[in-house]
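Notes follow once the structure below has been shown.
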Amino acid sequence: MFRPLKILIGTKCPPTRCCSAFVSRMRYVNRLKEDDEACAAALQNAHIFLFHRLSPLLQRTEHRTLRPTALRLGSDRTLLKESVLIGCSEENQAQFCLDVGKNILNPGSSLSWWPETLNDPSPYEPDLCFLLQGQALLRWNQTSGFCSTTGQPTHRNRAGSQRVCSSSGIIYYPKMSPVVIVLVSDGKRCLLGRQSSFPRGMYSALAGFCDMGETLEETLRREVAEEVGLEVHSVSYSSSQHWPFPHSSFMMAFHASVSPAHTQLNVDHAELEDARWFSLEEITSALQVKTPPRRGDPPVVWLPPKHAIGNRLITEWADRQRRWEEGE
Ligand SMILES: NC(=O)C1=CN([C@@H]2O[C@H](COP(=O)(O)OP(=O)(O)OC[C@H]3O[C@@H](n4cnc5c(N)ncnc54)[C@H](OP(=O)(O)O)[C@@H]3O)[C@@H](O)[C@H]2O)C=CC1
Ligand SMILES: [Mg+2]
């Protein structure tokens with residue numbers, strides 16, 4: 001288990017008597033986005049989660065205990081200005097992310113922020129998904145240095161939540177690509193597909209980017225028609241998730257059904273390597289595969305990890321299907 005590497009330097013979101021803690025946190029974060037001075041003050045007293053070239057720096061925890069933060073804090077605090085605001089903790093501490101790797105690659109910058117230990121930045125606790133938000137915002141700031149209209153440099157506000165063209169004054173906000181992900185069922189089975197780029201044996205729900213001007217329902221119907229040649233009905237919303245690949249996708253997840261009389265697949269192999277119907281029994285065993293098969297292992301179907309919204313859709317379907325079959 002891993003924890004993000006962070007530095008903590010200070011005070012908190014001011015408590016208010018007139019509204020709930022949640023409301024006051026949301027209003028505080030909004031003020032920090034709009035008021036550079038307030039944001040600079042909050043930065044001096046914040047949790048700062050560290051990244052290296054857009055990968056979160058993580059500390060291993062033993063028995064879920066938190067190790068002390070291993071950072072040498074130099075006298076040069078100018079790098080702090082490159083932090084981006086991601087929110088406010090339940091303890092009312094403003095939260096920022098900072099990419100130290102980007103600065104270390106820059107010969108003009110200070111090395112005084114280098115952490116003492118760089119641990120393996122592999123799996124981290126699923127409840128730390130807010131790090132994905134930080135990663136996306138850092139990436140957007142790193143790749144949006146110039147105005148696409150004038151070609152002139154853009155300058156960020158202190159929170160890193162917007163950038164302004166130095167010449168035209170055009171304001172840019174972080175970009176996301178809306179994506180629909182859908183688990184199709186025929187009442188007894190669910191439909192999963194795999195792209196050739198997926199790791200061997202991994203299947204997931206069908207997904208696709210929204211075209212300009214489409215509703216989510218239209219995207220969903222189009223993607224299912226394009227990829228597997230089926231027409232869906234009875235669409236119901238499940239949940240949503242930010243996903244960092246390929247460049248900040250906003251995933252909106254749905255369940256949908258097809259008539260049991262029309263389940264014949266016509267897979268577009270330019271989009272999908274394979275698509276298949278899976279029974280509840282097959283899904284139950286795929287959900288139990290905890291580690292992806294290694295080279296040389298017998299082939300096995302496995303599913304996206306727990307923190308991916310594809311896993312959530314499949315788990316929801318399996319739970320509902322199990323209850324329905326038991327009630328029969
Ligand atoms: N969290 C989860 O559980 C899952 C997440 N996903 C994510 O869903 C997203 C979409 O799924 P996918 O099946 O690949 O989508 P699509 O079926 O829409 O196919 C992807 C192709 O669409 C084109 N495209 C259109 N608009 C965009 C855009 N805004 N950004 C990038 N490519 C675009 C690209 O083609 P071209 O390059 O030819 O222009 C790309 O190769 C991916 O980011 C994937 O990582 C998918 C499954 C599970
Ligand atoms: Mg797709």
Side-chain angles (χ1 to χ4, degrees), residues 54-56 123-133 135-137 139-140 143-144 148 172-185 190-232 235 237-256 258 265-278 283 286-287 289-290 292 301-319:
L54 295 176
S55 292
Y124 49 87
E125 292 175 36
D127 61 346
L128 296 175
C129 285
F130 68 90
L131 289 179
L132 299 181
Q133 180 192 349
Q135 185 194 48
L137 211 48
R139 182 194 281 123
W140 176 75
T143 55
S144 308
S148 58
Y172 291 92
Y173 294 97
K175 270 191 314 204
M176 296 185 282
S177 300
V179 172
V180 164
I181 178 165
V182 55
L183 189 67
V184 179
S185 167
C190 73
L191 177 61
L192 302 181
R194 56 170 277 109
Q195 297 178 11
S196 53
S197 58
F198 282 9
R200 200 165 60 99
M202 193 188 96
Y203 280 74
S204 186
L206 305 183
F209 290 96
C210 294
D211 281 348
M212 195 65 88
E214 267 183 342
T215 63
L216 297 173
E217 295 82 351
E218 286 166 347
T219 305
L220 188 158
R221 288 170 59 83
R222 175 181 56 74
E223 281 291 336
V224 176
E226 277 176 12
E227 295 191 352
V228 294
L230 294 178
E231 281 195 46
V232 296
V235 172
Y237 174 72
S238 162
S239 49
S240 64
Q241 178 186 54
H242 181 87
W243 190 246
F245 314 108
H247 301 289
S248 292
S249 300
F250 178 50
M251 313 277 312
M252 285 156 285
F254 294 84
H255 293 275
V258 291
L265 302 181
N266 177 353
V267 179
D268 178 353
H269 290 288
E271 300 242 2
L272 293 178
E273 185 182 88
D274 187 28
R276 286 196 244 157
W277 290 104
F278 288 82
I283 292 293
L287 282 168
V289 178
K290 296 294 175 226
V301 169
W302 57 288
L303 304 172
K306 270 211 164 103
H307 58 267
I309 203 160
N311 181 294
R312 181 180 177 144
L313 275 177
I314 296 164
T315 307
E316 281 173 357
W317 177 84
D319 289 346

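Order of listing sets the numbers, starting from 1, for every ligand and every atom in it.
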Exercise. Counting distance only, does the side-chain N/O of Arg312 pair as donor-acceptor with the main-chain N or O of His307 below 3.5 Å?
Worked result: no
Exercise. Please state which protein non-hydrogen atom is closest to atom 45 (O) of ligand 1 and give its distance, to 0.1 Å?
Worked result: Trp243 NE1, 3.2 Å
Exercise. Does an N or O anywhere in Phe198 fall below 3.5 Å from an N or O of ligand 1?
Worked result: no
Exercise. Heavy-atom distance under 4.5 Å between the side chains of Val301 and Val289, does that happen here?
Worked result: no
For this session: Kindly identify the option in Val180, Ile181, Leu313, Val179 whose heavy atom sits closest to atom 47 (C) of ligand 1.
Result: Ile181
Problem set entry | Closest approach to the Mg ion (ligand 2) by Glu227, given as the N, O or S atom name | OE2
For this session: Determine whether Val180 and Phe254 make a side-chain contact, defined as any pair of heavy atoms from C-beta on separated by less than 4.5 Å.
Result: yes
Exercise. Measuring from Leu220:CG to Ile181:CD1, what's the distance to the nearest 0.5 Å?
Worked result: 10.5 Å
Exercise. Considering only heavy atoms of Ser204, which atoms of ligand 1 have at least one such atom less than 4.0 Å away?
Worked result: 48 (C)
For this session: Give the residue, atom name and distance (to 0.1 Å) of the protein heavy atom nearest atom 43 (O) of ligand 1.
Result: Phe245 O, 2.7 Å
For this session: Considering heavy atoms of the protein only, find what lies nearest to atom 16 (P) of ligand 1 and give residue, atom and distance to 0.1 Å.
Result: Gly208 CA, 3.6 Å
Exercise. So, do Leu192 and Ile314 sit near enough that their side-chain heavy atoms are less than 4.5 Å apart?
Worked result: yes
Seminar exercise, completed: Residue, atom and distance of the protein heavy atom nearest atom 14 (O) of ligand 1 read Gln195 NE2, 3.2 Å
Exercise. Got a sec: is Leu272 within less than 2.8 Å of the Mg ion (ligand 2) via an N/O/S atom?
Worked result: no
Problem set entry | Numbered atoms of ligand 1 (with element) below 4.0 Å of Ser249, judged on heavy atoms | 43 (O)
Problem set entry | Protein contact of atom 11 (O) of ligand 1 - nearest heavy atom, named by residue and atom, plus distance | Ala207 CB, 3.6 Å
For this session: Answer yes if a protein heavy atom lies under 4.0 Å from atom 36 (P) of ligand 1, otherwise answer no.
Result: no
For this session: Taking atom 39 (O) of ligand 1 as the reference point, report whether a protein heavy atom occurs under 4.0 Å from it.
Result: no
Seminar exercise, completed: Closest to atom 3 (O) of ligand 1 among protein heavy atoms sits Gly310 N, 2.8 Å
Exercise. What is the nearest protein non-hydrogen atom to atom 22 (O) of ligand 1, stated with its residue, atom name and distance?
Worked result: Phe209 CD1, 3.9 Å
Exercise. Between Ser185 and Trp317, do the side chains contain an N or O donor and an N or O acceptor separated by less than 3.5 Å?
Worked result: yes
Exercise. When you measure from the side chain of Glu273 to the backbone N and O of Gln195, does any donor-acceptor pair fall under 3.5 Å?
Worked result: no
Problem set entry | Verify atom 33 (C) of ligand 1: protein non-hydrogen atom under 4.0 angstrom away | yes
Problem set entry | No-hydrogen, no-angle side-chain donor-acceptor test under 3.5 Å, Glu316 and His255 | yes
Exercise. Glu271 heavy atoms, cut-off 4.0 Å: which ligand 1 atoms fall inside?
Worked result: 17 (O)
Exercise. Should the heavy atoms of other residues, nucleotides or ligands under 6.0 Å from CD of Glu217 be counted, would the total exceed 12?
Worked result: yes
Exercise. Without hydrogens or angle criteria, can the side chains of Asp319 and Thr315 be said to hold a donor-acceptor pair below 3.5 Å?
Worked result: no
Exercise. What atoms of ligand 1 come closer than 4.0 angstrom to any heavy atom of Met251?
Worked result: 4 (C), 5 (C), 6 (N), 7 (C), 8 (O)
Problem set entry | Close aromatic pair by centroid cut-off 6.0 Å: Phe278 and Tyr203 | yes
Problem set entry | Gln241: numbered ligand 1 atoms lying under 4.0 Å from its heavy atoms | 1 (N)
For this session: Report the distance from atom OG of Ser196 to atom CD of Glu271, rounding to the nearest 0.5 Å.
Result: 11.0 Å
Exercise. For ligand 1, which atoms have a heavy atom of Ser177 less than 4.0 angstrom away?
Worked result: 29 (N)
For this session: Taking the side chain as every heavy atom from C-beta outward, state whether Gln133 and His242 have any pair of such atoms under 4.5 Å apart.
Result: no
For this session: Could you tell me if any non-hydrogen atom of Glu227 lies under 4.0 Å from any atom of ligand 1?
Result: yes
For this session: Show which atoms of ligand 1 fall inside a sub-4.0 Å distance from at least one heavy-atom site of Pro246.
Result: 43 (O)
